[in-house]
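The structure appears below as structure tokens.
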Amino acid sequence: MNTNVLLSAQTLPREFYSRDTLRVARELLGKTLVHDTERGRIAGMIVETEAYTSNDPACHACSGITPRNAVMFGEPGHAYVYFTYGMYFCFNAVTAPQGTGEAVLVRAVEPLEGIDLMIENRGTEVETNLTSGPGKLCMAFGLKRDHNGLDLTAGSLTIMNGERPSEIAETTRIGIRVGADLPWRFYIPNNPHVSRKPAGKTRPSIRPVIHRGHSG
DNA sequence: AGAGCGATGGCCT
DNA sequence: GGCCATCGCTCTA
């Protein structure tokens, strides 16, 4: 081992990502997303995720590999950052073994470090509005096209270990038309930085399912 | 609190 | 040409 052992000791290893995507989506809650920029470190605790699997009609990769989604089929533990609605970016962690097109969308984080930089990047000082959505958090963290494909296990954009939440809420995903009935959105209950209070708009009847004291 | 909508551009058929 | 894994504003209640 080299002298970076101490610095990288808390970074999630590739094996973390190379597993079942739903499991990774749940276990990313409580972990810390870290972006080391020229102006300083920006970090936040992941509080909301969504899983996208290869047989899932809402997944960008469900119809096969294209230039846009190619990163999803590559090595797990890399960043899949895509451009959407003409002005926003969304950040994903590529999951499952290489060759499968799967990823976890990080929808919200709780600001921990570099909040002044987030305020500059977002143009607001309201703390619960800095990173409470996939587009917002990319703006706050300065994530854009250049970050697509970066290795999350080494370099300036990483995910570090963190405390496991005691509860996980599970609902349908937000902002999709197909696959809208799959309960593959996960978030930390009562955290003020989650993008929306209850479930997606599609099925207001679906209540969040709270899992207590989960293992694994 | 919730519904509606425009902005804006890349990707894919 | 149609469709977005969004956001912030406006209007109605």
Side-chain angles (χ1 to χ4, degrees), chain A residues 17 21-22 24-26 28-29 33 44 46-74 78-96 100-109 111 118-149 152 159 169-187 190 192-208:
Chain A
Y17 301 97
T21 297
L22 289 167
V24 176
R26 290 188 192 94
L28 275 175
L29 296 176
L33 177 63
I46 297 172
V47 299
E48 181 181 355
T49 62
E50 284 179 359
Y52 288 87
T53 71
S54 53
N55 58 347
D56 160 22
C59 180
H60 286 173
C62 71
S63 301
I65 192 167
T66 69
R68 181 205 202 191
N69 65 23
V71 170
M72 293 181 76
F73 291 85
H78 285 248
Y80 169 50
V81 180
Y82 68 88
F83 183 66
T84 190
Y85 291 106
M87 47 181 119
Y88 299 108
F89 293 93
C90 290
F91 167 80
N92 298 247
V94 174
T95 57
T100 59
E102 310 204 355
V104 171
L105 171 69
V106 177
R107 283 193 57 89
V109 308
M118 296 188 194
I119 289 173
E120 278 186 41
N121 291 339
R122 285 279 295 131
T124 177
E125 295 187 358
V126 181
E127 199 151 325
T128 52
N129 195 28
L130 290 177
T131 53
S132 53
K136 295 179 189 178
L137 82 87
C138 279
M139 200 179 305
F141 275 64
L143 298 179
K144 38 194 189 307
R145 224 177 297 276
D146 321 339
H147 304 276
N148 187 39
L152 296 173
I159 301 180
E170 170 184 322
T171 72
T172 53
R173 297 171 295 182
I174 291 177
I176 54 175
R177 304 184 67 85
V178 292
D181 54 331
L182 298 171
W184 289 356
R185 171 178 178 242
F186 308 98
Y187 64 90
N190 301 318
H193 300 88
V194 167
S195 66
R196 300 189 195 180
K197 302 295 180 189
K201 175 185 188 321
T202 49
R203 281 248 195 122
S205 60
I206 289 191
R207 296 291 174 147

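Note: hydrogens, waters and symmetry copies are ignored here, and every other heavy atom, side chains too, is used. Here is the naming used below: chain letters follow the sequence lines, and residue numbers restart at 1 for every chain.
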Exercise. Starting at the 5' end of DNA chain C, write a dot or bracket for each base, bracketing those in Watson-Crick or G-U wobble pairs whose two distances are under 3.5 Å and using | for partners on another strand.
Key: ||||.|||||||.

Quiz prompt | Whole-Å distance separating the CD1 atom of A:Ile174 from the P atom of C:dC7 | solution = 9 Å

Exercise. Provide, to the nearest angstrom, the distance between the CZ atom belonging to A:Arg107 and the C1' atom belonging to C:dC7.
Key: 11 Å

Quiz item: Just how far, in rounded Å, is P of B:dG10 from CG of A:Asn148?
Solution: 15 Å

Quiz item: A:Asn69 has an atom CG; how far is it from atom P of B:dG10, in whole Å?
Solution: 17 Å

Practice problem: Report the distance from atom CZ of A:Phe83 to atom P of B:dC12, rounded to the nearest whole Å. | Solution: 14 Å

Practice problem: Could you grab the distance from atom CD1 of A:Ile46 to atom CD1 of A:Ile159, nearest 0.5 Å is fine? | Solution: 4.5 Å

Quiz prompt | Nearest-nucleotide 5' precedence on DNA chain C, A:Ala61 against A:Asn129 | solution = A:Ala61

Quiz item: Would you say C:dG8 has OP1 or OP2 under 4.0 Å from some side-chain N or O of A:Arg122?
Solution: yes

Practice problem: Look at the rings of A:Tyr80 and A:His60 and say which category their plane angle falls in: under 30° parallel, 30 to 60° tilted, over 60° perpendicular. | Solution: perpendicular

Quiz item: Between B:dT8 atom P and A:Met87 atom CE, what is the distance in whole Å?
Solution: 6 Å

Self-check item: Over 12 non-hydrogen atoms of neighbours within 6.0 angstrom of CG in A:Asn190
Solution: no

Quiz item: NA contact type, A:Gly86, heavy-atom cut-off 4.0 Å: base, sugar-phosphate, or nothing?
Solution: base

Quiz item: Do you know which of A:Leu143, A:Leu137, A:Val47, A:Asn92 makes side-chain contact (heavy atoms from CB on, under 4.5 Å) with A:Val106?
Solution: A:Leu137

Practice problem: For C:dC3, take OP1 and OP2 only and decide whether either is under 4.0 Å from a side-chain N or O of A:Arg177. | Solution: no

Quiz item: Distance-only, no hydrogens or angles: does the A:Arg173 side chain make a donor-acceptor pair with backbone N or O of A:Ala51 under 3.5 Å?
Solution: yes

Quiz item: Whole-Å distance between B:dA7 P and A:Tyr88 OH?
Solution: 13 Å

Exercise. For A:Ser54 and A:Glu102, test the side chains for any donor-to-acceptor distance below 3.5 angstrom and give the result as yes or no.
Key: yes

Self-check item: Closest nucleotide among B:dG10, C:dG8, C:dC4 to the A:Lys136 side chain
Solution: C:dG8

Quiz item: Which pair of heavy atoms, one from A:Leu152 and one from A:Ala79, lies closest together, and at what distance?
Solution: CG-N, 3.9 Å

Quiz item: Checking all strands, does A:Ser63 fall into the base, sugar-phosphate, or nothing category for heavy-atom contacts under 4.0 angstrom?
Solution: nothing

Exercise. Report the distance from atom OH of A:Tyr85 to atom C1' of B:dG10, rounded to the nearest whole Å.
Key: 13 Å

Exercise. Test for a donor-acceptor pair under 3.5 Å between the base of C:dA5 and the side chain of A:Tyr82, counting only N and O atoms.
Key: yes

Quiz item: Between C:dA5 and A:Thr84, is there an OP1 or OP2 to side-chain N/O distance shorter than 4.0 Å?
Solution: no

